[in-house]
Amino acid sequence: MSATASPLPTASPVPTAAAAPSLTSVFVRLKLSLLKNGLRQSGGRTAAYIVTIVFGALFAAGTVLGFALLRGHEDADTVAVLLVGVLALSWTFMPLFIPSGDETLDPSRLVMLPLLPRPLVRALLVASLVGVGPVLTTALAVGAVLAVAHGAVATVLAVLAVPLTAVTCVALSRAVAAANIRLLTSRKGRDLALLSGLIIAVGMQFVNFAAQRLGQSGGLGALEPATAVVGWLPPAAAIGAVDSASRGDYPVAAARLLLTVAALAALLSWWQRSLVRLMVEPDGSTIGAAPDAGAQEKAAGSGLLARILPGGQTGAVMERSLRYVWRDPKTKASWVTSLAIGLIVPLFNAFQGGGSIYFACFASGMLGMLMYNQFGQDGSAFWMVAQTISTKADAYAELRARAQALLVITLPFTVLVTGATAGVLGAWQQVPEALGLALGLLGAMVGTGALTSARFPYSIPQDSGYKNVAPGQGGLAWISILGGMVSAGVLCSPLIAATIYLHVSDQQSLLWLLLPAGLLYGALLTFGGLKLAAPIAAKRLPEILVAVSKG
């Protein structure tokens with residue numbers, strides 16, 4: 001019997017490797033996934049994003065409609081070019097003010113991945129186009145070319161100018177962010193982000209001032225010189241190219257369009273070099289030499305600030321409060337914002353010719369609000385302060401020293417703002433009454449601020465540059481701020497009534513009495529507020545500690 005040979009096993013086919021997806025598609029899917037997963041974290045975040053999309057869509061529709069109505073107007077090119085220029089300026093500085101606004105595109109997170117610079121730039125650029133901002137930018141560009149495009153050649157250029165404008169704005173933003181990413185992720189960068197509200201407030205005052213001057217000068221024709229300059233600056237140059245083509249000036253149109261293309265190429269090259277430098281060069285920005293013994297001794301308390309302040313507990317608390325102003329990012333942002341807006345609002349109204357010296361009280365109100373929520377600025381470190389408070393006398397000493405630290409800056413600043421406003425208006429004879437009211441309001445704000453700090457403390461989150469109240473404590477913040485401001489206004493009513501009475505009764509010679517009256521009245525309100533707040537703070541110390549440590 002012969003054995004039957006078993007068949008030899010056949011080799012199974014070797015599976016072919018699946019084609020690797022492109023880096024660009026991976027980054028786009030990553031961006032969409034992160035957006036989707038971020039919205040799943042909370043219903044409030046989802047609602048906020050939906051509201052943003054709705055308002056963004058309404059804004060985009062309104063913008064396109066407005067430009068469509070502007071079509072054919074003699075100043076349409078001025079509006080279109082300048083608005084695109086302002087838009088590009090916003091994209092330039094946006095990463096400096098909101099460094100964490102798009103964490104998915106932080107190139108420092110990619111330093112350990114084996115990625116080539118050129119494909120990485122392309123992938124990041126396409127992923128950056130996913131979002132509300134680029135869509136709104138595209139809508140504004142569509143509206144701009146719709147207002148200025150006339151003729152076949154201009155229409156062709158408009159089709160090229162719209163995506164070119166949007167991509168250039170995004171590339172500009174990403175290039176600036178990549179070049180400054182180490183600054184923006186450092187403490188100084190976070191300080192800069194916290195001052196974004198100040199920049200916006202100051203910018204609004206400049207826009208208001210410029211708008212009034214523009215109205216006085218006779219319309220948009222006064223902006224023609226600015227349009228001529230901005231029309232050659234990319235990406236506004238792309239809109240200027242469409243306008244030039246509509247006028248039949250084809251060489252200028254081609255030059256402006258090519259200038260925008262060259263600028264985009266230069267931005268992408270700068271962006272790529274910044275990524276290479278970020279990924280291959282060590283970061284030594286946070287490495288410093290160890291301080292010597294002399295520097296450590298100086299930092300321990302032998303500086304100028306420690307020498308000029310009083311000794312004992314009062315001096316220690318004042319020094320701590322003043323160091324918060326310089327070192328703590330959120331305290332610094334609050335102070336700088338209050339000082340700047342308190343100076344700008346009175347002076348701008350005075351320069352515009354319609355202001356009053358009584359606008360100097362605006363500075364007192366802004367600075368007085370800094371007394372509110374005194375314990376909240378300590379955060380979880382307040383437990384160390386709480387160790388020094390066991391009686392209402394200790395609480396009074398703590399609050400009094402904090403108020404003195406505040407007044408060291410706010411008193412001379414109030415005098416400065418009042419004097420500067422009087423100088424611009426030429427109303428030096430009104431300085432005593434205005435300064436008296438301002439000092440009275442400042443004293444009322446400090447007194448009510450001490451009370452609300454003890455009665456309605458709330459935590460200030462330190463892990464976010466854009467949240468000033470911990471979740472669940474918004475009601476406490478509103479009660480503290482609004483209630484204190486209303487109370488301060490009511491407390492100042494006697495001074496206001498006295499001022500009105502002296503003016504109505506034509507007793508101008510007695511108006512100077514409002515200065516010492518306001519100073520004395522403000523001091524009494526401060527003293528009374530501190531005295532009332534001290535026993536409350538001493539009694540509610542555990543509750544205050546819990547409230548300010550929630551963030």
Side-chain angles (χ1 to χ4, degrees), residues 51-94 125 128-173 200 203-204 207 210-211 214-215 219-224 226-250 252-254 256-257 259-261 263-264:
V51 171
T52 301
I53 293 177
V54 171
F55 278 97
L58 292 176
F59 175 78
T63 300
V64 175
L65 178 61
F67 274 117
L69 296 176
L70 196 63
R71 182 178 176 86
H73 193 276
E74 60 180 356
D75 293 322
D77 59 327
T78 300
V79 176
V81 170
L82 291 183
L83 280 182
V84 173
V86 172
L87 180 67
L89 190 65
S90 301
W91 275 98
T92 303
F93 290 101
M94 183 172 61
L125 179 61
S128 300
L129 294 172
V130 178
V132 178
V135 173
L136 293 180
T137 302
T138 303
L140 194 147
V142 169
V145 298
L146 185 63
V148 298
H150 301 281
V153 177
T155 302
V156 172
L157 289 183
V159 174
L160 299 175
V162 169
L164 186 59
T165 300
V167 173
T168 303
C169 286
V170 174
L172 179 61
S173 175
I200 294 173
M204 290 300 294
V207 170
L214 183 62
L220 295 174
L223 296 177
E224 285 295 337
T227 306
V229 175
V230 177
W232 285 94
L233 300 177
I239 308 301
V242 177
D243 179 61
S244 298
S246 299
R247 300 175 186 273
D249 198 348
Y250 301 123
V252 173
R256 287 179 167 177
L257 191 66
L259 180 62
T260 306
V261 173
L264 176 59

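Residue indices begin at 1 and follow the sequence shown. Values reported hereafter were calculated over all heavy atoms of this structure, with side chains retained and with hydrogens, waters and symmetry mates removed. None of these values were measured; they are calculated from a predicted model.
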For residues 134-154, which side-chain N or O atoms pair as donor and acceptor with protein atoms under 3.5 Å away, sequence neighbours left out?
residue : atom : partner : partner atom : Å
T137    : OG1  : W91     : NE1          : 2.9
T137    : OG1  : G133    : O            : 2.9
T138    : OG1  : P134    : O            : 2.8
H150    : ND1  : R71     : NH2          : 3.4

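The nearest pair of heavy atoms linking T165 to A238 is OG1-CB, 3.8 Å. Between V132 and I53, the shortest heavy-atom distance links the atoms CG2-CG1, 4.3 Å.
Going from atom CG of L264 over to atom CG of L259 covers 11.5 Å, rounded to the nearest 0.5 Å. The distance from atom OG1 of T78 to atom CG of L70, rounded to the nearest 0.5 Å, is 9.5 Å. The OG1 atom of T260 sits 9.5 Å away from the CG atom of L233 when rounded to the nearest 0.5 Å.
At distances below 3.5 Å, not a single donor-acceptor pair connects side-chain atoms of S173 with backbone N or O atoms of C169.
For the side-chain contact (heavy atoms from CB on, under 4.5 Å) test with L257, the passing option among L157, V242, V252 is L157; the others fail.
Residues P235 and L164 have side chains not in contact (no heavy-atom distance under 4.5 Å, counting atoms from C-beta outward). For the pair R247 and D77, the minimum side-chain heavy-atom distance is below 4.5 Å.
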